[in-house]
Number of protein chains: 2
Amino acid sequence: MAAPARRPTIKDVARAAQVSYQTVSRAINDKPEIDPDTKRRVLEVAEQLGYRPSRHARALVKPRPSTLGLAVPDLTNPFFPEVIAGVIDSAAAHGWQVNVVSGGPAAEAELLRSFAAEVDALVGYFNHLDRAPEGLDIPVVLLDAEVRVPRCGAVAVNVDAGVRAGVQHLLDRGHRRLGMIDCSTSCDRYQRRKSFQQALADHGIALPADAVVESEQSVPGAERATHRLLDSHPETTAVFAFNDLTAVGVVRAAHARGLRVPQDCAVLGFDGLMLGELITPPLTTLHIDKRRLGALAVGEVERLLAGEREPAPVELTPELVIRESA
Amino acid sequence: MAAPARRPTIKDVARAAQVSYQTVSRAINDKPEIDPDTKRRVLEVAEQLGYRPSRHARALVKPRPSTLGLAVPDLTNPFFPEVIAGVIDSAAAHGWQVNVVSGGPAAEAELLRSFAAEVDALVGYFNHLDRAPEGLDIPVVLLDAEVRVPRCGAVAVNVDAGVRAGVQHLLDRGHRRLGMIDCSTSCDRYQRRKSFQQALADHGIALPADAVVESEQSVPGAERATHRLLDSHPETTAVFAFNDLTAVGVVRAAHARGLRVPQDCAVLGFDGLMLGELITPPLTTLHIDKRRLGALAVGEVERLLAGEREPAPVELTPELVIRESA
DNA sequence: CTGAAAGCGCTAACAA
DNA sequence: TTGTTAGCGCTTTCAG
């Protein structure tokens, strides 16, 4: 009968090397109290047997966090991969792995339950959660959360500051008839809209209610929304888009209507994606340092793991990058 | 003295519920041999205590693969997030988590060692590995691997077929003076170049050696490379780009030289990124179903896990998508 | 239906 | 320097 394809354990190594299995443990863990020769021999045998310690057995004995769960709504939106990269890089510095899940709202509830069971901490966008993921005793860091959740870390983008900087820029350029393409799918539901309305109000600029139009968070969705906006408000000279992805849609719709960007219709994005630099005209946008966002989230995980109860929410302020679209 | 913040274990639940801890096990594992009432009560207590079973202890007792490692070279390249999405989705169907690592070649060797220790299978792009990752007894699936590696699964893109379809298209459009922007960073090092040269040779079209120019895999890199190409070969009427990212660079460089695309200089991409649809003019490209690529890779993992030794390499053929750039 | 006992692979005491 | 003994949290026999 053939030997079972079972992975070799520490005991197999011990047997093969003619030592007790604790000695093997010492060898592979680089402990001082072991004879160099024995160690070398043990290591050799281990190598030869293809031995690799079981992470589960190890984790059982010395429990320390090893895996971080990261939930993003949509890998297709170029915003998120950069956040992921930021998380992965900083997590690596702590020796943590990153488990990524990506799923729409539907997946969220169910997914999260099983997912969370497998990680030592959780960071992510939880759009449709009014409160913290329930029954989790692991640290949770919310990204762009609309509300503060007790016992959860949070890193947010200072949308208000960003929107105000954008509005200021548009006003500086002489625009008075503004419109907005907004999306409701984000965690900071309507934050951009509220800030936009408030900023204009503060400047005494009128904004018809239907000059803010709702859109899917996609290029074609934004194109349709823009047509609706410009149909009802052809006098619009500048459009504030929910993000760069939708801004691209706005530009396309404007072009389709024979409008020049920015002369006839200025377009302002949000996010600062590479994509925005590449289209014609290059997008003026409120740039967010997405990698840093990810890194900050990991920082919060660290604090939570260290026992901090209610870390103050961390904020990232977008920076106006003026290119050609506005 | 305050209670330690230790996570409740199965024993804590047992104590609280006044049963033995095996009974708790039965309850949480939905075993038949348990009184419904007891079960409900136990579950209640567990819930209330915030009990969650330890994945490590579980995995120790019933060893079954739970985590899949996924290595991609660059999260910033929009190609990879889609592959990741494909992997995550199919992995989820198996109840597997996905650990993502992203790292350049530098990270690769060292990273991989520690990374691989934590996963039950590995799929990814291993650019600079001539042979399979060593000393891994876990299943490995290579993406776009240049060479077959014993005992490893592989899913590859049929670059040759793609390139030939692209070349055919260019020739059909009447182009005879072709150039290529190639990158060396990929796993299928020089595969595109070789196919390109061969395809042209098969059609009896001359291709000067320096009409294939090497580029960084980035937009600005491709811009520079294109200028070099067009400086030495101003007669070029069509450029085959390594991928869509570089194709964007080619288009920009052409525009910068006052060339119209495609009239003065046609540009053909590879990959089929959303980005390509969004730029001006929209890119004609060889579209790869990236999600499917990821899904296929998971399929190979499954086979390897099932004990198959040398699965035949799986191939995906790019599809020509004709838009406006060529 | 429920409890007791063994053991998964490993590390950390403690002895020798 | 090495081996012995526990025990991490859990599932699975096997008795009761």
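Numbers restart at 1 for each chain; the letters A, B, ... are given by sequence-line order, proteins then strands. Any value given below was found using the heavy atoms of this structure, including those in side chains, with hydrogens, waters and symmetry copies removed.
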* Asked: For the side chain of B/Gln22 and the base of D/dT13, is some donor closer than 3.5 Å to an acceptor across the two?
  -> no

* Report the distance from atom CG of B/Leu60 to atom P of D/dG9, rounded to the nearest whole Å. => 12 Å

* **Exceeds 12 heavy-atom contacts within 6.0 angstrom, atom CZ of B/Arg292** => no

* To do: Send over the distance from B/Ile10 CD1 to D/dT11 C1', rounded to a whole Å.
  => 8 Å

* Asked: Does the D/dG3 base have a donor-acceptor partner in the side chain of A/Arg26 within less than 3.5 Å?
  -> yes

* Asked: Which residue, B/Val19 or A/Lys11, contacts DNA chain C at a nucleotide closer to its 5' end, judged by nearest heavy atom?
  -> B/Val19

* To do: Name the closest nucleotide to the A/Lys62 side chain, picking from C/dC1, C/dT11, D/dC10.
  => C/dT11

* To do: Quickly work out the B/Asn29 CG to D/dT12 P distance and round it to whole Å.
  => 7 Å

* **Euclidean distance, atom CD of residue A/Gln18 to atom P of D/dG3 [Å, nearest integer]** => 10 Å

* **Short side-chain N/O contact from A/Ser25 to OP1 or OP2 of C/dT11, under 4.0 Å** => yes

* Asked: Judged by atom type as modelled, is there a donor-acceptor pair below 3.5 Å linking the side chain of A/Asn158 to the main-chain atoms of A/Glu315?
  -> no

* In whole angstrom, give the distance that lies between atom CZ of B/Arg52 and atom P of D/dG9. => 14 Å

* Check whether any side-chain nitrogen or oxygen of A/Thr23 sits under 4.0 Å from OP1 or OP2 of D/dG3, and answer yes or no. => yes

* To do: When you get a sec, tell me which of D/dC10, D/dG7, C/dG3 is the closest nucleotide to the side chain of A/Val61?
  => D/dG7

* So which nucleotide from C/dG3, C/dA6, D/dT5 ends up closest to the side chain of A/Tyr21? -> D/dT5

* Has A/Arg58 got a side-chain N or O lying under 4.0 Å from the OP1 or OP2 atom of C/dG9? -> no

* Non-hydrogen atoms of A/Asp120 and A/Ser66 that approach each other most closely -> OD2-N, 2.7 Å

* State which of C/dA4, D/dT11, C/dG9 makes the closest approach to the side chain of B/Ser20. => C/dA4

* With rounding to the nearest 0.5 Å, note down the distance linking OG in A/Ser20 to CD in A/Gln22. => 4.0 Å

* Asked: Between the side chain of A/Lys290 and the main-chain N/O of A/Ile288, is any donor-acceptor distance below 3.5 Å?
  -> yes

* **Atom-to-atom span, CG of A/Asp35 to P of D/dG3 - whole angstrom** => 11 Å

* **Between D/dC8 (P) and B/Asp12 (CG): distance, integer Å** => 11 Å

* Structure fact -> Quick note, A/Glu33 side chain, CB onward, closest among C/dT11, D/dT1, D/dG3 is D/dT1

* Remember a base hit wins even if backbone is also touched, and classify A/Pro63 as base, sugar-phosphate or nothing at under 4.0 Å, heavy atoms. => nothing

* To do: Have a look at A/Lys31 and say if it touches a base, only the backbone sugar-phosphate, or nothing, with a 4.0 Å heavy-atom cut-off.
  => sugar-phosphate

* To do: Let me know the distance between CZ of A/Arg40 and P of D/dT1, rounded to the nearest Å.
  => 15 Å

* Check every atom of D/dG9, D/dT2, C/dG3 against the side chain of B/Ala57 and return the nucleotide holding the closest atom. => D/dG9

* Closest to side chain of A/Thr38, choosing from D/dT1, D/dC10, D/dT4 -> D/dT1

* Asked: According to the interplanar angle, ranging from 0 to 90°, do the rings of A/Tyr125 and A/Phe80 count as parallel (below 30°), tilted (30 to 60°) or perpendicular (above 60°)?
  -> perpendicular

